[in-house]
Peer 1: 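Attaching a single structure in structure tokens format; questions to follow.
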2 protein chains.
Amino acid sequence: MTNSVTADETGNGTDGCCASLDGVDPAATATDLRVLTAMGNDTRYELLRLIASADGGVCVCDLEAGVGVSQSAVSQALSRLRDAGLVTRRKEGSWRYYGLTETAAALLETLDDVRGTDE
Amino acid sequence: MTNSVTADETGNGTDGCCASLDGVDPAATATDLRVLTAMGNDTRYELLRLIASADGGVCVCDLEAGVGVSQSAVSQALSRLRDAGLVTRRKEGSWRYYGLTETAAALLETLDDVRGTDE
DNA sequence: ATATTATACAACCAAGCACTAATATGTTTC
DNA sequence: GAAACATATTAGTGCTTGGTTGTATAATAT
């Protein structure tokens with residue numbers, strides 16, 4: 001119940017098929033795609049799950065052990081997740097503790113909920 | 001509240017940092033990643049939104065007009081979405097009507113809900 | 001001040017991806 | 001039957017991406 005179709009505003013004479021559909025909101029699309037592409041990668045998805053399981057804070061070195069890639073890759077992945085608004089960063093001494101945002105928590109929960117719903 | 005950390009089962013002596021984190025469920029990961037990578041593409045995301053807005057059924061030719069790519073690309077995108085369990089297909093004559101699955105509907109709704117929640 | 005730890009940034013590169021074009025299959029209509 | 005339509009599939013291709021290696025910055029320790 002989010003959108004609605006503007007019924008044939010173009011008035012093109014093709015009957016039977018090909019009704020007109022209105023476009024998708026570009027701003028929302030951009031935001032959502034940034035989120036989805038950020039989550040849709042093995043390393044970054046696992047980082048999110050690890051951060052979620054260690055509620056409160058994990059530092060990069062913890063995560064580095066969890067996923068099987070270099071420290072550099074983890075750092076880049078976390079930056080990407082932060083840009084997408086999926087994780088928060090808290091500096092403390094020379095460590096950085098990462099935590100989930102509400103957005104990320106909600107999406108992970110939805111994924112858990114729907115997994116196996118429809119085959 | 002989905003996962004929990006098994007507190008330092010490895011017992012490695014490094015104090016201060018680098019606690020152990022358990023791995024992420026591989027089956028769930030695979031399923032979720034298939035969903036996320038399927039949604040995380042401009043064309044496929046827009047297709048989902050278009051299908052969502054035209055509740056009940058859209059044929060491929062309708063969609064082809066909505067997104068700016070070739071018929072072939074739309075067909076491929078829809079196959080990918082179907083593999084990921086995000087759309088259903090109903091044949092009727094020489095047309096195919098696509099609809100959202102509950103999974104896709106739930107995820108799009110969550111995206112709408114969280115958009116702009118945290119900056 | 002130097003060394004060590006913790007993290008980020010930049011450049012490069014192989015692999016995967018998402019298109020287009022062409023062709024195939026199935027369905028109406030003539 | 002042939003022609004036109006609706007969709008799928010295959011092959012080829014340029015571009016994006018996610019990783020590594022190397023280097024830089026910052027904080028703590030010696």
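A quick note: this is a predicted structure, and the numbers were derived from the prediction, not measured. Residue numbers start from 1 in every chain, and the chains themselves are labelled A, B, ... in the order their sequence lines are given, proteins ahead of strands.
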Peer 1: Could you walk me through whether A:D112 and A:R49 satisfy the salt bridge (charged side-chain N to carboxylate O under 4.0 Å, His left out) test, starting with their C-alpha distance in whole Å, then the side-chain angles of each, then the deciding distance to 0.1 Å, before giving a yes or no?
Peer 2: CA-CA 11 Å; A:D112 288 335; A:R49 288 287 181 192; 3.1 Å; yes
Peer 1: For the base of D:dT7, is there a side-chain donor-acceptor partner from B:E64 under 3.5 Å away?
Peer 2: no
Peer 1: Could you give the CG-to-P distance, from B:D42 to D:dC15, as a whole number of Å?
Peer 2: 18 Å
Peer 1: In whole angstrom, give the distance that lies between atom CG of A:L33 and atom P of C:dC17.
Peer 2: 17 Å
Peer 1: Measure the distance from NZ on A:K91 to C1' on D:dA26 and round it to the nearest whole Å.
Peer 2: 8 Å
Peer 1: Spell out, as yes or no, whether a donor-acceptor pair under 3.5 Å connects the side chain of A:T101 to the backbone of A:G85.
Peer 2: yes
Peer 1: Within the structure shown, what part of the strands sits under 4.0 Å from A:R89 by heavy-atom distance: base, sugar-phosphate, or nothing?
Peer 2: sugar-phosphate
Peer 1: Among the candidates D:dT7, C:dT7, C:dC19, find the nucleotide nearest to the side-chain atoms of B:V60.
Peer 2: D:dT7
Peer 1: In whole angstrom, give the distance that lies between atom CZ of B:R80 and atom P of D:dT9.
Peer 2: 15 Å
Peer 1: Given that B:S79 and A:Q76 both sit by DNA chain D, which one's nearest nucleotide is further toward the 5' end?
Peer 2: B:S79
Peer 1: With the 4.5 Å side-chain cut-off for hydrophobic clustering, are A:V114 and A:Y45 part of the same group?
Peer 2: no
Peer 1: What I want to find out is whether B:E92 reaches B:R90 closely enough, with some N-O distance under 4.0 Å, to be called a salt bridge.
Peer 2: yes
Peer 1: Can you check whether B:Y98 has a side-chain N or O nearer than 4.0 Å to OP1 or OP2 of D:dA8?
Peer 2: yes
Peer 1: Expressed in angstrom and rounded to an integer, what is the separation of B:L81 atom CG from D:dA8 atom C1'?
Peer 2: 15 Å
Peer 1: Can you say whether a donor on the side chain of A:S72 sits under 3.5 Å from an acceptor on the base of C:dC9, or the other way round?
Peer 2: yes
Peer 1: Out of C:dA8, C:dC19, D:dT20, which has the shortest distance to the side chain of A:A73?
Peer 2: D:dT20
Peer 1: Remember a base hit wins even if backbone is also touched, and classify A:N41 as base, sugar-phosphate or nothing at under 4.0 Å, heavy atoms.
Peer 2: sugar-phosphate
Peer 1: Check if the side chain of A:Q71 and the base of C:dA8 share a donor-acceptor pair of N or O atoms closer than 3.5 Å.
Peer 2: yes
Peer 1: Does A:R115 pair with B:D32 as a salt bridge, N-O distance under 4.0 Å?
Peer 2: yes
Peer 1: To the nearest angstrom, how far is B:R96 atom CZ from C:dT27 atom P?
Peer 2: 7 Å
Peer 1: C:dC9 P sits how many Å from A:R82 CZ, rounded?
Peer 2: 9 Å
Peer 1: How many Å lie between CH2 on A:W95 and C1' on C:dT5, as a whole number?
Peer 2: 8 Å
Peer 1: Of A:S70 and B:S94, whose nearest nucleotide on DNA chain D comes first from the 5' end?
Peer 2: B:S94
